[in-house]
Amino acid sequence: MPLRRGALRRRHRPGGGHRPLQLLDLQQDARRWGAIVRPEAFRLLEGEAALADYQFGTHSMHYRFCRHCGIQPFGTGRLEQLGGDFVSVNLACLDDVTPQELADAPVRHFDGQHDNWMNPPAVTGHL
């Protein structure tokens, strides 16, 4: 699936080792939809020079941001709880996914706000 926002172009291959869609409950963005994929299923096609890198907390994740508009199209990291190395693709950056495909996709909630990654937050109705 091509992803395009401003100066960035990247590709996520469905079926290339992806996992169910992840709805992350994070302190910085309680409604970030991310598709977790293996690094070999993700390729940045262009725009690497337009990306900045941000880390916080345990520094286990690299949050990649566009230097021009501030959108966070994807991040990379390594967490054994998620099976090792991964890329989290921001679904808001997918150009060719339909609302119906998003509605039909399996969703798993993670409670990242409380660093409880293997369980959903106590309340998910707002997510």
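Because only heavy atoms are used, hydrogens play no part in the values below, and waters and symmetry mates are left out as well, while side chains stay in.
Looking only at distances, a side-chain donor or acceptor of N90 sits under 3.5 Å from a matching main-chain atom of Q72. When atom types are taken as modelled, the side chain of R64 and the backbone of G75 share no donor-acceptor pair closer than 3.5 angstrom.
Taking each heavy atom of C66 and P73 in turn, the nearest pair found is N-CD, 4.5 Å. When all heavy atoms of I71 and C93 are compared, the closest pair comes out as CD1-SG, 3.4 Å. Of all heavy-atom pairs spanning A49 and R67, the tightest one is O-NE, 3.4 Å. Here the shortest heavy-atom pairing between L79 and F86 reads N-CE2, 3.8 Å. A pairwise comparison of heavy atoms in P39 and V87 identifies CA-CG2, 3.9 Å as the closest pair.
The shortest side-chain heavy-atom distance between V37 and F74 does not fall under the 4.5 Å cut-off. Here the side chains of E80 and R78 are in contact, with some heavy-atom distance below 4.5 Å.
One finds the CG atom of L91 at 11.0 Å from the CD atom of E101 (value rounded to the nearest 0.5 Å).
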